[in-house]
Amino acid sequence: MTSFRIDGGTLIDRDDVREFTFNGERLRGFGGDTVASALLANGRQLVGRSFKYHRPRGILTAGAAEPNALLTIGRDGRRDPNTRATMAELFDGLEARSQNCWPNVDFDIGAMNGLLGPLLGAGFYYKTFMWPAAFWEKVYEPLIRKAAGLGRASYDPDPGSYEKCWAHCDVLVIGAGPAGLAAALTAGRAGARVIIADEGAQLGGGMLAEGGMIGNKPADAVLADMVGELHALPNVEVKKRTTVFGAYDDQVFAAVEQVQKHLSDAAINPDRAMERLWRIVAKQVILATGAEERPIVFGGNDRPGVMTAGAMRTYLNAFGVAPGKQVALFANNNQAYQTAMDLEARGIEVAAIIDPRKCPDIDYGGKARLIAGAMVRDTAGRKAIKSIAVRHDDGRDEMIAVDALAVSGGYSPIVHLACHRGARPVWSDEHVGFMPPENCDGMVPAGAVAGKAGIASCFVAGATAAVSVLNALGLNAAPAGLPDTQTADDIAQGTVAIWSVPSSKGKAFVDYQNDVTAGDINLAMREGYDHVELAKRYTTNGMATDQGKTSNVNAIGILAQNKGVSPGAIGTTTFRPFYTPVSFGALVGASKGFEFQPVRKSPLHGWAERNGAKFVETGLWYRSSWFPKDGETFWRDSVDREVMNVRENVGICDVSTLGKIEIFGADAAEFLNRVYCNAFLKLPVGKARYGIMLREDGLVYDDGTTSCLAENHYFMTTTTALAAGVLTHLEFCAQVLWPDLDVRLASATDQWAQMAIAGPRARDVLAKIIDDDISNDAFPFLAARDVSMFGGRLTGRLFRISFSGELAYEIAVPAGYGESVADAIMVAGKEFDIAPYGTEALGVMRIEKGHVTHAEINGTVTPADLGMGRMVSAKKDDFIGRVMNMREGLVDPMRPALVGIKPKSLADKFATGSHILKIGDEVSLANDQGYVTSMCYSPNLGHAIGLALVKGGPERYGEEVVIWNGLAGTSITGILCNPAFVDPENEKLHA
Amino acid sequence: MSSLVKCPHCGLRPREEFTIRGEVPTPRPAAGADESVWFDHVYLRDNPRGQHREYWHHSGGCRRWLVLDRNTVTHETGDVVDASTLKSEGRA
């Protein structure tokens with residue numbers, strides 16, 4: 001392979017030699033190269049295979065729009081598929097691989113698909129694979145997936161970290177070409193807080209491709225001066241390698257910054273992010289995103305060696321890479337002639353300039369032969385272009401030998417960000433392109449995106465735009481004094497639209513990445529899919545990862561041409577974020593692995609760990625579920641023991657995860673009275689009360705206890721699951737419904753460690769550490785007040801409440817004391833055989849006692865359904881849910897209501913979710929009597945027990961029913977009973 | 001949907017700090033009001049193309065309930081007020 005590297009190249013550093021591999025072959029490039037420029041410099045024109053036909057493909061562009069040169073770069077967890085070679089900076093040791101080819105890019109079996117072309121046209125999925133349906137999953141889809149596709153994602157975790165940030169500024173300048181630079185300088189000199197962001201590794205945009213002089217200075221020196229001044233301004237933040245990829249409401253923009261993705265493994269600092277996702281809030285925005293050069297649609301326009309004219313100029317001037325030795329230009333506008341001039345200036349032969357315009361209004365001073373009124377209709381060459389077939393104005397054909405072809409079909413302003421919020425771009429016949437919408441959502445377009453061409457007019461446009469936004473900010477400003485550009489060429493474009501070459505031979509590609517041809521679009525039209533959105537989906541034009549940056553306008557042009565209307569009448573498809581692909585890493589940020597979500601640990605977590613707890617995740621919480629002892633191999637061994645120990649001796653359980661809300665205020669009692677369905681107005685100081693909260697629709701929302709700790713000071717507990725929901729609900733009631741009430745709320749869930757001490761010896765244990773008298777007389781059931789502990793060294797809150805049904809207390813201490821207090825209770829309880837118990841044992845005991853949880857409070861039940869209808873106050877004027885709770889359907893006596901259930905044959909088991917049927921009834925929805933909401937094995941009773949919601953409820957105690965499990969296909973006979981299996985007379989509670 | 005919400009207490013904040021409850025319904029009826037009035041309050045919600053008055057909770061900020069006028073087409077938001085002001089106007 002000969003080297004195509006020539007002199008010059010403003011971006012590369014020839015002292016910085018970098019080695020890389022391409023499909024395993026070792027190659028060299030320079031610092032400043034992109035992978036694309038380095039491949040071209042090494043004579044690699046063929047870099048990949050196309051999506052559908054596996055055609056050889058090269059490098060079409062030098063920027064973000066690249067549809068062809070998608071490579072897999074990196075290895076292991078750092079492997080990024082579908083990376084645009086034109087945007088990937090070369091680093092030492094980089095590994096690049098071609099995609100979608102087998103066995104290799106030079107010899108690819110899939111290229112046979114090219115022969116099947118007639119079968120693979122527009123809509124082929126719909127037509128070819130219609131039937132038989134069974135074939136789709138087993139035959140068609142695997143075949144298509146194997147044949148068509150892009151790179152493969154790595155299975156290894158990405159070792160890099162990612163982060164997200166917000167930024168705020170007065171003026172956001174998007175794009176750092178000549179217009180953006182002039183705008184940022186003007187705004188920066190005026191003292192505004194400026195952020196200028198550009199996707200490139202270097203600022204400059206179109207100026208980077210400029211090889212000549214601007215005024216009397218070389219273009220790169222002018223650029224260096226401007227960039228240097230921007231960096232020196234303290235109020236200007238320069239963001240290189242930062243793509244603004246989405247425009248959102250309220251002038252908030254999303255951008256992704258490449259922080260270290262362009263560095264070699266050795267250079268990466270593991271403490272820094274690989275990429276950073278920015279959300280930028282801007283008061284004013286200047287859109288200086290430039291314009292995309294369009295390819296021309298002609299036969300064989302995808303052969304490696306075909307490149308846009310502007311890209312060729314960039315490789316030549318910025319990277320010192322010659323596209324070939326004998327080059328032709330096929331262009332319908334004057335600006336592209338600059339490429340031919342620069343090629344000739346560097347001694348590269350321009351074999352011909354083919355211009356479809358009959359009389360191009362340009363005075364080309366170079367040596368190249370100008371063929372006016374002609375078009376390229378075909379190309380030849382197996383893996384790279386060897387010649388072009390030119391159809392002259394008079395119908396004569398001519399072959400011209402070339403090894404590279406520059407094409408230019410005009411320029412499409414990059415209007416995406418101006419259209420992300422729904423505005424449509426406007427067609428301009430003058431510019432032969434879609435221009436930014438008139439009201440750009442507060443953005444001011446400047447430069448090529450607004451149809452300007454040439455560096456001089458872009459400078460002026462950028463500076464003028466900056467003055468207008470600075471004035472809107474109330475700052476006086478003048479356009480920045482900019483380099484003398486009088487002698488710079490300000491070329492009028494003079495573009496004449498040419499949407500496809502009519503005499504094309506062979507496939508003429510519109511969308512390179514998805515292999516959509518002009519023929520496909522014509523076929524879609526013939527079959528009735530002529531609306532732009534339908535044609536897009538039928539042909540898949542513009543649906544690849546490049547989102548049609550080089551293809552959409554040409555497709556619209558072809559549709560318009562065929563229908564005989566203006567492209568403006570066809571319109572565009574919808575522009576949506578993201579402008580270019582964004583890595584999942586950047587979107588995920590730090591939220592992965594352990595950091596995916598917070599872990600909430602109880603203040604007693606360490607105590608539970610020391611006691612051997614097995615933990616269960618409930619929401620964000622880790623709760624201790626059981627505490628196995630030596631020799632216990634099965635979870636129920638532990639749970640049964642824990643339950644029996646509580647019933648016979650005493651146990652300790654962590655209940656810190658329950659929601660805790662402090663309630664203060666002169667109207668706190670009235671407030672509680674309105675949010676609970678039962679009475680709370682007269683709850684005395686030092687007492688706790690069980691309360692049920694309804695939703696406004698009359699169904700139960702949550703339950704818990706609230707204690708009056710002092711006048712105007714209450715302490716509410718909620719279920720673990722609804723801790724946040726209840727606080728939000730209370731805030732709504734207090735702020736919106738009754739702002740006149742004097743009440744204040746504060747979450748205290750994390751401030752208190754709370755443990756339940758339950759069992760016949762509970763009082764004996766606590767009496768050893770609590771100084772106050774806690775005898776039954778002094779501290780009866782439902783007492784709640786501060787107590788002195790450990791000889792006055794600590795004050796705790798003691799509540800005599802019980803979920804297990806035993807003599808029980810809950811003691812709350814400030815969270816930091818939790819573990820010490822729990823340890824002290826274990827020591828104090830040793831003589832009474834105290835043992836910790838977990839949520840599983842708690843669950844067994846509450847079912848044994850017939851207490852409900854959210855298994856029963858499932859959003860469909862009223863207090864009456866749960867056997868607590870009498871709790872609903874008939875005296876209160878108003879409380880949440882009062883009126884709707886009295887609705888006809890909610891007071892129907894045949895509603896499902898809470899019952900206990902047990903198997904008739906005590907050895908039988910049954911499952912939660914099983915349905916209840918009358919004996920002898922057929923299994924049908926109409927015959928359904930209800931369902932089992934909770935079940936467990938009761939070690940006290942020695943058999944399975946459960947709770948169920950059954951029609952008629954308590955009226956049916958003693959009835960034999962069928963417990964039907966449709967999933968397992970089993971049914972057993974059960975007996976309905978009182979849900980309080982243990983201590984129905986509450987003797988233990990009051991002991 | 002707005003990217004930024006102007007909380008009357010905290011200023012301009014990202015919308016991720018807020019939780020949306022939905023439309024501000026008819027005012028909560030008096031206890032003795034007709035059942036149909038209660039039905040409207042509990043269940044009747046509009047889904048307009050255009051102006052929409054919603055309850056937003058600054059759940060990741062000051063924890064105040066707010067009322068926000070939002071245009072579902074243009075995404076423009078008008079004044080944002082503390083929801084406690086609705087009661088005195090008979091709208092909550």
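Letters A, B, ... mirror the listed sequences (proteins, then strands); counts begin at 1. As the structure is a computational prediction, the values presented were derived from the model and not from experiment.
Few gaps surround CZ on A:F664; more than 12 heavy atoms of other groups in view lie less than 6.0 Å from it. Within 6.0 Å of atom CG in B:D79, 12 or fewer heavy atoms from other residues, nucleotides or ligands are found, so the atom counts as exposed in its surroundings. The environment of B:R45 atom CZ is dense: over 12 non-hydrogen atoms of other residues, nucleotides or ligands sit within 6.0 angstrom. The environment of A:E438 atom CD is sparse: at most 12 non-hydrogen atoms of other residues, nucleotides or ligands sit within 6.0 angstrom. Within a 6.0 Å radius of CD in B:E89, other residues, nucleotides and ligands contribute more than 12 heavy atoms.
When atom types are taken as modelled, the side chain of A:E696 and the backbone of B:V42 share no donor-acceptor pair closer than 3.5 angstrom.
No salt bridge links B:R64 with A:E731; every basic N to acidic carboxylate O contact stays at or beyond 4.0 Å.
Side-chain contact check for B:Y43 versus A:M884: some heavy-atom pair is nearer than 4.5 Å. Between B:E16 and A:R279, some side-chain heavy-atom pair lies under the 4.5 Å cut-off. No side-chain heavy atom of A:L737 sits less than 4.5 Å from a side-chain heavy atom of B:K87. With a 4.5 Å cut-off on side-chain heavy atoms, B:R63 and A:L745 do not count as touching.
Residue contact with chain A, scored on non-hydrogen atoms closer than 4.5 Å, involves the backbone and the side chain of B:L4 alike. Interface residue B:F39: backbone and side-chain heavy atoms are both found under 4.5 Å from chain A. For B:E35, the part lying under 4.5 angstrom from a heavy atom of chain A is the side chain only. Looking at B:T74, only its backbone comes within 4.5 Å of chain A, counting heavy atoms on both sides. Both the backbone and the side chain of A:R887 come within contact range of chain B, each with at least one heavy atom under 4.5 Å from a heavy atom of that chain.
For the atom pair CG of B:L12 and CG of A:D250, the computed distance is 7.0 Å after rounding to the nearest 0.5 Å. How far OG of B:S3 is from CZ of A:F253: 9.5 Å, rounded to the nearest 0.5 Å.
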Could you walk me through whether B:R28 and A:D878 pass the salt bridge (charged side-chain N to carboxylate O under 4.0 Å, His left out) check? CA-CA 11 Å; B:R28 187 170 187 270; A:D878 190 14; 2.9 Å; yes
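Ranking A:D877, A:D740, A:T728 against chain B, the residue ahead of the rest is A:T728, based on heavy-atom pairs under 4.5 Å. Listed options A:F732, A:W166, A:W738 were ranked by heavy-atom pairs under 4.5 angstrom with chain B; first place goes to A:F732.
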